[in-house]
Amino acid sequence: MTRSRVAMLLAMGIDNFGSGLFLPLALLYVTRVIGIPLVEAGTAVTVGTTAGLLMPPLAGRLVDRAGPRAGVLAAQLLQAAGISAYLFAHDVGGVVVAAILLGAGQQLFYSCLFALIAEVAGDVPKDRPFAEVGMVRAGGFGLGGLMSSALLTWFGDSGYSVALIVDVLTFLAAAGLVAVFIPPGRRFAPAARVRSGVLRNRPYLTLILLSGLFGLSLDFFLIGTPVFVLDRLHAPTWLPGAILFLLTVLTSVGGTVALRLTRGLSRIGAMRAGSALFAAWCLTSVGVLLVPRSWQVPYLLAATLVFAAGDLVFGPRSGALAEAAAPPEAKGRYLAAFQYAFTVAQVLAPAIVSLFSVAAWLPWVLVGGCACLAALGLGRLGPRLPAAAVAPIQS
């Protein structure tokens with residue numbers, strides 16, 4: 001394994017450890033520490049995060065002209081600024097500003113990340129490199145989530161501030177690793193050659209849309225689980241961290257195993273299976289409302305197994321398909337545009353979580369319905385994408 005590949009994996013693990021400390025608790029921080037009601041908090045975070053919609057086109061140009069490394073570095077510094085702004089927010093306006101900075105940094109990061117992974121991996125099928133990065137990031141995020149639960153247990157509401165400070169430091173440390181150990185890479189293509197190419201590629205646009213329906217489940221899990229578990233079920237404060245830790249154990253060791261087990265499936269087939277598993281997770285999770293209180297904790301931990309299976313099956317194949325289906329001369333633009341799938345999901349997720357204030361079952365029905373639509377739509381999309389991109393992995 002090359003030095004740049006090791007550095008990338010280490011940087012991604014550190015980056016996600018810090019994110020795991022704070023992101024799942026973002027709405028709880030806004031409601032419990034800053035003191036903003038849940039509906040207003042969800043709206044403020046959604047409005048701020050919408051700024052991320054502006055980043056993928058800018059990121060695509062940056063990748064094509066300067067390489068993905070420059071974009072990842074800028075994104076990590078921008079996210080550090082966003083988390084710092086949360087520390088100084090005292091009202092809805094401050095939360096919106098912090099969410100704008102953080103959301104812009106997150107979308108810039110993910111718009112450049114796929115291109116960075118592909119560049120560091122070299123000329124090989126990208127399923128395994130994406131799976132490896134996913135495993136490391138999942139491990140880091142889960143450990144961060146476990147630490148956040150420990151901080152809340154030890155320090156109460158003061159633990160939120162500690163989590164934010166550590167998150168800032170992890171972004172800076174990850175940026176340092178990328179800057180020192182990953183050399184500047186190649187540029188993809190002059191801007192004039194790829195102008196509007198994504199907008200003319202309807203199958204790729206459909207792939208972005210359907211991946212967004214799947215991505216909604218990911219963001220809903222991260223920010224919705226703590227709200228549902230603590231505010232709706234009034235479960236123990238350690239349970240959200242335990243759920244994240246269980247997910248960590250499964251996804252940090254199971255990525256390459258899932259690839260081997262689904263080796264005979266095309267990338268589209270694996271993505272459809274993952275979407276179906278996410279729909280099953282939503283159905284299973286809403287069922288906790290009918291379970292006796294004494295059984296709710298083991299029930300929710302068992303439901304997390306279904307979510308983990310969907311994530312392991314869908315995640316690496318999604319990134320690999322997006323990379324393989326993009327024209328070689330326009331990788332930066334296409335992979336940045338693909339980030340819109342997750343940008344839109346990240347914008348919608350806080351608003352959907354806020355619907356827990358209307359009915360405890362309503363967000364689960366909406367997210368599960370989106371996962372079902374993704375599974376159906378992917379089946380019709382497969383024949384319209386390049387056959388080589390859809391085919392099962394070869395190595």
Side-chain angles (χ1 to χ4, degrees), residues 56-57 59-61 63-64 67-68 110-134 185-215 255 258-260 262-276 312-344 373-395:
R61 293 185 179 92
V63 170
D64 286 333
Y110 287 111
S111 295
C112 301
L113 178 61
F114 288 170
L116 182 67
I117 296 171
E119 182 175 88
V120 172
D123 189 20
V124 298
K126 303 304 187 293
D127 302 74
R128 186 177 181 88
F130 277 111
E132 290 173 345
V133 171
R186 65 184 178 88
R187 302 172 184 180
F188 285 106
R193 292 181 59 187
V194 297
R195 185 176 300 151
S196 301
V198 181
L199 297 178
R200 296 171 182 163
N201 192 327
R202 291 187 178 181
Y204 203 90
L205 289 176
T206 304
L207 175 63
I208 293 172
L209 172 63
L210 296 177
S211 296
L213 295 178
F214 171 88
L259 281 180
R260 288 197 297 270
T262 60
R263 190 178 185 84
L265 294 178
S266 69
R267 287 169 174 155
I268 284 288
M271 292 167 67
R272 294 187 71 193
S275 296
L312 288 169
V313 171
F314 188 102
R317 301 300 184 82
S318 173
L321 178 60
E323 190 274 338
E329 72 278 4
K331 291 285 188 191
R333 298 289 178 94
Y334 270 71
L335 291 178
F338 183 69
Q339 179 55 27
Y340 269 123
F342 307 100
T343 302
V344 174
L373 288 175
L376 294 173
L378 285 167
R380 300 188 64 179
L381 174 64
R384 300 170 58 197
L385 292 172
V390 175
I393 58 174
Q394 301 301 314
S395 64

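As the structure is a computational prediction, the values presented were derived from the model and not from experiment. Sequential numbering from 1 along the given sequence is applied to the chain's residues.
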Tell me whether the rings of Phe214 and Phe314 are parallel (<30°), tilted (30 to 60°) or perpendicular (>60°).
parallel
Within the structure provided, determine whether Pro57 and Tyr340 are in side-chain contact (heavy-atom separation under 4.5 Å).
yes
Under a 4.5 Å cut-off applied to non-hydrogen side-chain atoms, are Ser318 and Phe338 in contact?
yes
Which atom names give the shortest non-hydrogen contact between Cys112 and Pro68, and what distance separates them?
O-CB, 3.6 Å
Arg384 CZ: over 12 foreign heavy atoms closer than 6.0 Å:
yes
For Ala389 and Ala325, work out which heavy atoms get closest and say how close.
CB-N, 3.8 Å
Please identify which of these residues, Leu378, Thr206, Ile268, meets the side-chain contact (heavy atoms from CB on, under 4.5 Å) condition with Leu385.
Ile268
For Ala388 and Arg267, work out which heavy atoms get closest and say how close.
O-NH1, 4.1 Å
What's the shortest heavy-atom distance between Thr262 and Ala258, and which atoms?
OG1-O, 2.7 Å
Taking the side chain as C-beta and beyond, is there a heavy-atom pair between Met271 and Ser211 under 4.5 Å?
yes
Is any side-chain heavy atom of Leu381 closer than 4.5 Å to a side-chain heavy atom of Leu210?
yes
Smallest separation among heavy atoms of Arg272 and Ala375, with atom names
NE-O, 2.8 Å
OH of Tyr204 to CG of Leu321: how many Å apart, nearest 0.5 Å?
8.0 Å
Would the distance check show the side chain of Tyr334 and the main-chain N or O of Gly60 forming a donor-acceptor pair, the cut-off being under 3.5 Å?
no
Val313 versus Gly274, closest heavy-atom pair with distance
CG1-N, 3.9 Å
Have a look at Arg317 and tell me which of Leu259, Val390, Leu312 forms a side-chain contact (heavy atoms from CB on, under 4.5 Å) with it.
Leu259
